[in-house]
Protein chains: 2
Amino acid sequence: MFYTYRMGTIEKPTHSSTASDTAQQALVHEMLERIADKWTLLVIEELAQAAAELRFTQLSQRIPGVSQKMLTKTLRQLERDGLVTRRVHPVIPPHVDYTLTPRGESLGEAVCGIWLWAEKHGKQVLRSRHAYDNRTRMQPPASSRASYTS
Amino acid sequence: MFYTYRMGTIEKPTHSSTASDTAQQALVHEMLERIADKWTLLVIEELAQAAAELRFTQLSQRIPGVSQKMLTKTLRQLERDGLVTRRVHPVIPPHVDYTLTPRGESLGEAVCGIWLWAEKHGKQVLRSRHAYDNRTRMQPPASSRASYTS
DNA sequence: CTGCATCCTCCAAGATACTG
DNA sequence: CAGTATCTTGGAGGATGCAG
């Protein structure tokens, strides 16, 4: 479990390098934000699924609803982190191919745990939500008599 | 790998129930957004680490920088999804205890994959970023002669 | 075709004040 | 103590126009 890791390696004061620890933590959170943002995971999926180079337009077609601004931005981030490669063919009109790097593929696999969790617990979560909503929706002011301690 | 799952179960037209499939996909993305948001994972960590009930104030103390508004909201979402339990003691002043449910614990464990990925690839990612930034920062207009196809 | 620049809108979330 | 209510703001992200 990651808390064990966190407690053992990051929060224990016995460990010397404090700066890199917070950096690690920040990076974890950053990567979570990345894959959670609207498009990153979809791009990775498409590239992994294609298992081949895809052009900018091909990607935009396979990812419904993405604007080129967001697609560009997403791809730049992925490229910057070394998760995709960007090959520009110097021709006119331009021709740009994107591929997943091994590191990018490994990230896709790492997300699998959450995917499986959602697959396994999805229905229960939805049931909990309905129950919660029913419980709270028709909740009257709830004359909950509190016992004063004074 | 999750793309296999996605291709096999969600995108194949042979599978009949389209509505629940998109719901599944949406739920995956939703859970990713949740755990990626600024506070959810921190709350889960603290509750898991404490392995006991924590009061609202205790949580806010252990999570530096969180406003009560955000903490409240986060806890409500977690409660709605059945990931934490909220026990209100009807006394004055109020006393509210929060605990992780088994489902909540399982989510924490599911995140482990990404945690480990970040631990393993963190340094490489940072190195890629620096390389990328150096490459692009001092990039001149790059008189890249493109060969016209016309 | 690919992608940058600009404008504009909208809402998440912080700050602050108040309450049972 | 554990919240709600209200106000405000930064920035994410869509739409559009332009460029190599």
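Residue numbers start from 1 in every chain, and the chains themselves are labelled A, B, ... in the order their sequence lines are given, proteins ahead of strands.
Of the candidates dA2(D), dT4(D), dG13(D), dA2(D) carries the atom nearest the P94(B) side chain, counting heavy atoms from C-beta on. Distances from the side chain of Y98(A) to the nucleotides dG13(D), dG3(C), dT4(D) place dG3(C) closest.
Atoms NZ (K38(A)) and P (dG13(D)) sit 8 Å apart, rounded to a whole Å. The interatomic distance linking E79(A) (CD) with dG3(C) (C1') rounds to 13 Å, in whole Å. We find that CZ of F56(B) is positioned 18 Å from P of dG20(C), with the value rounded to whole Å. Nucleotide dA15(D) holds its C1' atom 12 Å from the CE atom of M70(A), rounded to whole Å. Rounded to whole Å, the distance from CD on Q77(A) to P on dG3(C) is 14 Å. Here dA2(D) presents its P atom at 8 Å from CD of Q58(B), a figure rounded to the nearest Å. Between Q68(A) atom CD and dT6(C) atom P the separation is 15 Å, expressed in whole Å. Here dA12(D) presents its C1' atom at 11 Å from CG of D37(A), a figure rounded to the nearest Å.
Under 3.5 Å, the side chains of T85(A) and T101(A) contain no donor-acceptor pair of N or O atoms. In the model, S128(A) has a side-chain atom that pairs as donor or acceptor with a side-chain atom of R103(B) under 3.5 Å.
E30(B) and R129(A) are joined by a salt bridge, as a carboxylate oxygen and a charged side-chain nitrogen come within less than 4.0 angstrom of each other.
Nucleic acid contact class of K69(A) (heavy atoms, under 4.0 Å, all strands): base.
Hydrophobic clustering, with ILVMFWY side chains joined whenever heavy atoms are under 4.5 angstrom apart, groups L100(A) together with V66(A).
Taking only side-chain nitrogens and oxygens, R87(B) never comes nearer than 4.0 Å to OP1 or OP2 of dA2(D). An OP1 or OP2 oxygen of dG14(D) is reached within less than 4.0 angstrom by a side-chain nitrogen or oxygen of S67(A). Between R55(B) and the phosphate of dA2(D), there is a side-chain N or O to OP1/OP2 separation shorter than 4.0 Å. OP1 or OP2 of dC4(C) sits under 4.0 Å from a side-chain N or O of R76(A).
Side chains of W39(B) and L75(B) form no contact here, defined as non-hydrogen atoms less than 4.5 Å apart.
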